[in-house]
Participant: 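What follows is a single structure, and I will ask about it in a moment.
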Amino acid sequence: MRPNNAACNCPTMVRTLASILALLAVCTVVAVAAENPATEAVRRLARGINLGNALEAPAEGAWGVTLRSEYFDIIKDAGFTSVRIPVRWSAHAQAEAPYAIAPEFFARVDFVVRGALSRGLNVVIDDHHYAELFQNPQRELPRLIALWDQIASHYRDYSQDVFFELLNEPQGEMTDDVWQEVMLKLLRTVRRTNHDRMVIVGPGHLNGLDHLANLRLPDEDTRLIATFHYYRPMSFTHQMASWVKGSELWKGTVWAGTADQRQAVKSDFDEAAQWARANRRPLYVGEFGAYGAADIESRVRWTAAVVQEAERHGFGWAYWEFNAGFGAYDTEAQAWREDLLNALIARPPVKK
Ligand code: BGC
């Protein structure tokens, strides 16, 4: 008889129990991930920046930004994990069937996508500024579908670090109801070649938070991320913006970060989080930012408040934008606007 028999078996039992528990934990993680792979994908998007005013201008350079290879290093080194690339595909495709996208434009978008991927940045490709579509959705629908058919085929073999965003800021005649139908058609088009691709979809009315409730995503598709844009209050973020009528009247509006102002941001994000929970979809704030005409202290305060709320709820985000009118980066000075960058990605103070 071995007096310490029980003691001998104990470690074995503990080990077995530990293995079972570990297996259970792995199963749970796998089950959760399998339940909604989009949640994991949003964690990869995490902290992003829009490469705005470049490929969504009528022609690259027309709005002062031509993308350069070193921008990806600058963005990656600053701590961002993703970029969103606004693209005006409609300006580079035939007007008539088969609506072919110009190969040289595809090559240019490829340069940007590959540049970002090669630095380990996740990439969102969107369809931006299709103005004719917003005037006449029915007439333009075959062309829009053909564009997505080509984009989806072109990037089908790219890694899953590439995300598709079906349409930036539906507006005009692309009402919520029209967009709902169009969105489902685009999704079906994309899924023919990209079964596993993460697809981002926002509501109508300029991806407005208040219109999320009208967005109905198909239950069976778990690889979808919902998005909204956040520019509230417009009187602050868009003061002096030439494309917003009457915005000169907002000149000098500050965002002091009063309790009421902070509460307004918090309530908006709580509302978004409630939608996300009810619909079991992760959220991505694909655009937010304050135009350079506002004072920099206010911009920094507002930006930090928005980032804090987004991250509190686990939303991914992308600042609007890198180096134009809202720019966090000053191309001329070849430097980040430090306070703004810190508001986006808090970094330890530099030791002097
Ligand atoms: C538009 C930009 C604009 C920004 C802020 C974007 O969706 O495409 O042209 O600067 O929103 O208004």
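Read the numbers this way: they start at 1 and go in the same order the structure lists the ligands and their atoms.
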Participant: Test the R143-Y99 pair against the cation-pi criterion, namely NZ or CZ under 6.0 angstrom from the six-membered ring centroid and within 45° of the ring axis.
Facilitator: no
Participant: Identify, for atom 12 (O) of ligand 1, the protein heavy atom at the shortest distance, and state residue, atom and that distance.
Facilitator: H238 NE2, 2.6 Å
Participant: Report the nearest protein non-hydrogen atom to atom 6 (C) of ligand 1: residue, atom name, distance rounded to 0.1 Å.
Facilitator: E287 OE1, 3.1 Å
Participant: Parallel, tilted or perpendicular: which fits the ring planes of Y231 and F326, with parallel below 30° and perpendicular above 60°?
Facilitator: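 The rings of Y231 and F326 stand perpendicular, inter-plane angle above 60°.
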Participant: Taking only heavy atoms of E169, which atoms of ligand 1 are found under 4.0 Å from at least one of them?
Facilitator: 7 (O)
Participant: Which part of N53 is near ligand 1, with near meaning a heavy atom under 4.0 Å away: side chain, backbone, both or neither?
Facilitator: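 Contact part for N53 vs ligand 1: neither.
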Participant: Starting from atom 4 (C) of ligand 1, what is the nearest protein heavy atom, named by residue and atom, and what distance separates them?
Facilitator: W320 NE1, 3.5 Å
Participant: Using a 4.0 Å heavy-atom threshold (strictly under), name the region of E321 that reaches ligand 1: side chain, backbone, both or neither.
Facilitator: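 No part of E321 comes within reach of ligand 1.
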Participant: Heavy atoms only, cut-off 4.0 Å: how does F326 contact ligand 1, side chain, backbone, both, or neither?
Facilitator: side chain
Participant: Y231 near ligand 1, heavy-atom distance under 4.0 Å?
Facilitator: yes
Participant: Which heavy atom of the protein is the closest neighbour of atom 9 (O) of ligand 1, given with residue, atom name and distance?
Facilitator: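 Atom 9 (O) of ligand 1 sits closest to the protein heavy atom H129 NE2, 3.5 Å.
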Participant: Any salt bridge linking R43 with E40? Criterion: basic side-chain nitrogen under 4.0 Å from a carboxylate oxygen.
Facilitator: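 Salt bridge between R43 and E40, a charged N being under 4.0 Å from a carboxylate O: no.
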Participant: Using a strict 4.0 Å threshold on nitrogen-to-oxygen distance, state whether E311 and R47 make a salt bridge.
Facilitator: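 Answer for the salt bridge query: yes.
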Participant: Applying side-chain hydrogen bond (donor to acceptor under 3.5 Å, both in side chains), can you list everything that pairs with Q263, at least two apart in sequence or on another chain?
Facilitator: S267
Participant: Can you tell me which residue among W148, F105, F106 is in a ring pair (Phe, Tyr, Trp, His ring centres under 6.0 Å) with H154?
Facilitator: F106
Participant: With heavy atoms of N168 as the reference, note each atom of ligand 1 found under 4.0 Å away.
Facilitator: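 In order of number, 7 (O).
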Participant: In the protein, which heavy atom is nearest to atom 8 (O) of ligand 1, and how far is it?
Facilitator: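 I find the closest protein heavy atom is H128 NE2, 2.6 Å.
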Participant: Strictly below 4.0 Å, N to O, side chains only: are D295 and R299 in salt-bridge contact?
Facilitator: no
Participant: Give a yes or no on whether the backbone of A54 and the side-chain of E56 come within a donor-acceptor separation of less than 3.5 Å.
Facilitator: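 Yes, the answer is positive, given that a donor and an acceptor are paired below the 3.5 Å cut-off.
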